[in-house]
Number of protein chains: 2
Amino acid sequence: MVVTMQDVARRAGVALSTVSAALTGTRPVSATTRARVEAAAAELGFRPNALARGLASRRSHVLALTHPVGAAGLSRTSAEFVLGAAGAAQERGYQLVLWPFAVEDADGLVGVARQGLADGVLVMEVHAADARVRALREAGVPVALIGRTDDPADAALPTVDIDFAATLTEAVAHLADLGHRRIAFVNHAAHRTAEGHGPTRRAAAAYDAAMAARGLTPVQVAAEESVVGGRAALAGLLDGDAPAPTAVITMNEDATFGVVAELAARRVTVPERMSVLAVVSSPAVAEQTVPPLTTLHAPGAQLGRAAVDALLALLLTGAALAPVLERCRLVDHGSTGPVPADAEPGAAEPAPVVPAAAGAP
Amino acid sequence: MVVTMQDVARRAGVALSTVSAALTGTRPVSATTRARVEAAAAELGFRPNALARGLASRRSHVLALTHPVGAAGLSRTSAEFVLGAAGAAQERGYQLVLWPFAVEDADGLVGVARQGLADGVLVMEVHAADARVRALREAGVPVALIGRTDDPADAALPTVDIDFAATLTEAVAHLADLGHRRIAFVNHAAHRTAEGHGPTRRAAAAYDAAMAARGLTPVQVAAEESVVGGRAALAGLLDGDAPAPTAVITMNEDATFGVVAELAARRVTVPERMSVLAVVSSPAVAEQTVPPLTTLHAPGAQLGRAAVDALLALLLTGAALAPVLERCRLVDHGSTGPVPADAEPGAAEPAPVVPAAAGAP
DNA sequence: TTGAAAGCGTTACCAT
DNA sequence: ATGGTAACGCTTTCAA
């Protein structure tokens with residue numbers, strides 16, 4: 001039925017252990033026997049059994065990827081991450097299993113992890129206080145994180161993440177260079193910040209810092225993750241007491257569509273009357289709007305590959321690599337432009353420098 | 001280091017084989033010993049080793065999901081499918097591994113399949129002539145298909161798919177009930193049909209049949225999978241010699257955005273002057289446009305679950321279930337409306353019935 | 001350089 | 001109902 005190593009050994013006229021050595025190279029084998037073994041293996045169509053190999057060697061060559069499960073589904077960027085990780089694993093001779101678990105279900109996660117199917121775990125969407133990371137670490141399961149926790153005990157774990165500081169700095173710089181001074185930021189929903197959602201918090205701080213560094217006043221609004229949320233957020237910016245912004249940076253992918261819709265409804269033309277810059281977004285999303293949006297594309301696939309490499313490095317060397325930060329790439333689709341000539345000049349006065357965390361109480 | 005079944009046996013004062021029996025229920029065990037075993041296992045925090053279990057029982061409790069790899073990435077609907085499958089597998093005590101392979105790389109696929117890590121394979125985006133399916137079948141690997149092939153030899157394999165006939169019939173009915181008679185269909189790119197892409201071909205046939213059944217003339221255009229492709233397709237419909245349609249059904253998710261954009265650019269209001277109905281789409285996509293689109297939502301997650309169940313049924317009973325067809329669900333977001341009163345009356349004449357495949361040469 | 005044999009941690013069968 | 005013991009298909013000593 002199934003061709004085993006023993007079958008190959010018989011065919012090649014050598015011992016089973018010699019076949020193993022010849023095929024894996026774990027010990028020197030003469031060129032002639034190696035050739036005989038390889039020929040026999042090829043003739044029989046031998047494929048080593050992954051389970052047996054894993055059981056004997058104590059490495060399954062399987063990596064797990066756990067991602068929060070919820071109604072939201074997978075964003076395009078997350079999907080790119082998963083595909084990138086699967087591809088990288090494949091190329092390295094590993095397989096990737098999906099472990100959908102709620103962020104709170106650390107027990108369930110450790111439960112499957114301790115079954116020994118996976119050599120290590122990639123944790124997506126890491127939170128500031130993340131029960132999963134703590135539980136895996138305490139269970140001695142090798143992990144690599146996408147994102148960071150606040151726990152110093154997790155600081156030694158390998159990490160990959162989007163470089164939010166560089167991304168938001170570039171976003172603000174791009175708009176400021178066009179003359180904008182009132183640059184608003186539409187972030188994720190407020191409850192995300194409360195939950196310790198890493199990207200939300202790091203982007204908030206990075207935006208505030210980037211604005212402060214230029215003497216600009218940060219104006220940050222939290223938007224529900226929906227078109228309605230985006231419309232409401234933009235309406236709040238335009239109808240508030242403060243002077244309206246001339247440019248908006250959006251990080252909330254779903255709300256971005258709402259922002260564009262609300263601008264269209266109000267006949268505020270993009271980019272003539274309002275510049276829009278979507279950060280940590282994806283090509284597929286940026287091109288879906290009318291007009292298409294200038295974007296700082298999230299490096300989803302690269303992050304997935306980097307995460308796999310970080311985990312494999314830990315597995316093979318026992319030591320964690322230095323944290324990897326991938327920056328977003330600016331792709332100009334024409335939704336940003338010079339500040340309108342009639343923008344209220346008062347806003348050009350340098351605002352007082354505010355602390356970096358001011359926008360995210 | 002790792003707690004084994006032998007450890008539990010010692011602790012409970014029984015034989016190893018009794019522990020196995022008590023925990024898996026493969027043979028009768030007295031209530032008292034079962035309790036003792038369970039207590040011992042709980043105290044030691046025993047978790048059976050997945051690799052050893054799989055090797056001994058010859059079932060790994062791992063299912064594989066192979067999906068075409070390419071630049072396109074994962075559509076929202078595909079992502080929902082993957083998540084649905086992963087969730088269903090989880091609930092059934094299985095794990096899901098991702099196998100990214102090109103449709104042409106049947107050898108690579110069979111290669112990993114023969115490593116024995118997975119008990120069976122789910123094949124996504126099945127083509128009419130699909131080398132992967134044929135190769136897996138010939139290798140004796142249990143599979144379940146998402147979609148269908150043209151090969152009669154594959155007819156006995158378990159299958160799940162979108163019910164394109166019901167979906168397009170409902171789409172045409174919905175619009176016809178609103179009084180539309182010139183209903184166009186924007187399908188996927190022409191090369192998809194040539195490649196034997198199942199959804200493209202089945203939807204084409206279903207649309208033609210649904211139109212023919214009502215005595216309407218099918219007008220089908222292939223659009224490149226992009227915003228530009230969608231704009232071009234709509235422009236072709238409006239600028240052609242034939243009378244312009246009063247309603248458009250779109251199945252090409254990327255092109256849909258182009259259709260909407262082109263309508264906006266031409267100041268053709270939706271739904272007053274043109275009804276738009278996106279079929280086999282997703283909630284996330286439908287709400288991203290302005291206005292949001294009335295949609296026949298693709299049952300991604302349900303299909304994923306159904307596919308897992310179909311594969312497990314094959315694995316457990318040895319026989320394939322009957323094909324499962326999941327239909328799309330109409331969600332009215334207001335982008336369809338009554339046919340304009342001034343729509344050219346000549347078009348209301350019943351057109352000659354055309355054969356079902358006429359629109360997809 | 002090669003062969004023989006002892007695990008790896010389970011399941012499954014055969015006694016008892 | 002329970003205990004002992006071969007597999008399962010491979011890696012990894014340890015001898016030769």
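Numbers restart at 1 for each chain; the letters A, B, ... are given by sequence-line order, proteins then strands.
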Subject >> Distance-only donor-acceptor test, A:Arg114 side-chain atoms vs C:dG9 base atoms, 3.5 Å >> reply: no

Subject >> Side-chain heavy-atom pair A:Phe101, A:Arg132 within 4.5 angstrom cut-off >> reply: no

Original post:
Roughly, in whole Å, what's the span from CG in B:Leu23 to P in C:dT10?
Top reply: 10 Å

Subject >> For atom CZ of A:Arg27 and atom P of D:dA16, their distance in whole Å >> reply: 15 Å

Original post:
So, is B:Ser20 near the phosphate of C:dT11, with a side-chain N or O under 4.0 Å from OP1 or OP2?
Top reply: yes

**OP:** For the pair B:Tyr94 and B:His61, name the ring-plane relationship: parallel under 30°, tilted 30 to 60°, perpendicular over 60°.
**Re:** parallel

Original post:
OP1, OP2 of D:dA1 versus side-chain N and O of B:Ser30: anything below 4.0 Å?
Top reply: no

Original post:
Counting any heavy atom closer than 4.0 Å, what does B:Ser17 reach on the DNA or RNA strands: base, sugar-phosphate only, or nothing?
Top reply: base

Subject >> Length of the line joining A:Arg10:CZ and C:dT2:P, which is rounded to integer Å >> reply: 20 Å

**OP:** Please report, rounded to the nearest Å, how far the P atom of C:dG9 is from the CG atom of B:Leu44.
**Re:** 15 Å

Original post:
Within less than 4.0 Å of OP1 or OP2 of C:dT1, is there a side-chain N or O belonging to A:Thr18?
Top reply: no

Original post:
Side chain of B:Val29: nearest nucleotide among D:dG3, D:dT2, D:dT12?
Top reply: D:dT2

**OP:** Keeping the roles fixed (side chain from A:Thr66, backbone from A:Trp99), state whether a donor-acceptor pair exists under 3.5 Å.
**Re:** yes

Using a cutoff of under 3.5 Å, can you pull out all pairs of nitrogen or oxygen atoms linking the protein to nucleotides 7-9 of chain D, with atom names and distances?
from, atom 1, to, atom 2, distance (Å)
D:dC8, O3', B:Arg58, NH2, 3.2
D:dC8, O2, B:Ala56, N, 3.4
D:dG9, OP1, B:Arg58, NH2, 2.7

**OP:** Tell me which of A:Leu16 and A:Thr32 sits closer to the 5' end of DNA chain C, going by the nucleotide each one is nearest to.
**Re:** A:Thr32

Original post:
Between atom NE2 of A:His67 and atom CE of A:Met124, what is the distance when rounded to the nearest 0.5 Å?
Top reply: 7.5 Å

Subject >> Test applied, side chain to side chain contact (heavy atoms under 4.5 Å, CB included); reference residue, B:Val123; option that passes from B:Leu311, B:Leu145, B:Thr149 >> reply: B:Leu145

**OP:** Report, as yes or no, whether the 6.0 Å neighbourhood of atom CZ on A:Arg134 holds more than 12 heavy atoms from other residues, nucleotides or ligands.
**Re:** no

**OP:** Output yes when a side-chain donor or acceptor of B:Gln95 lies under 3.5 Å from a complementary backbone atom of A:Val97, and no otherwise.
**Re:** no

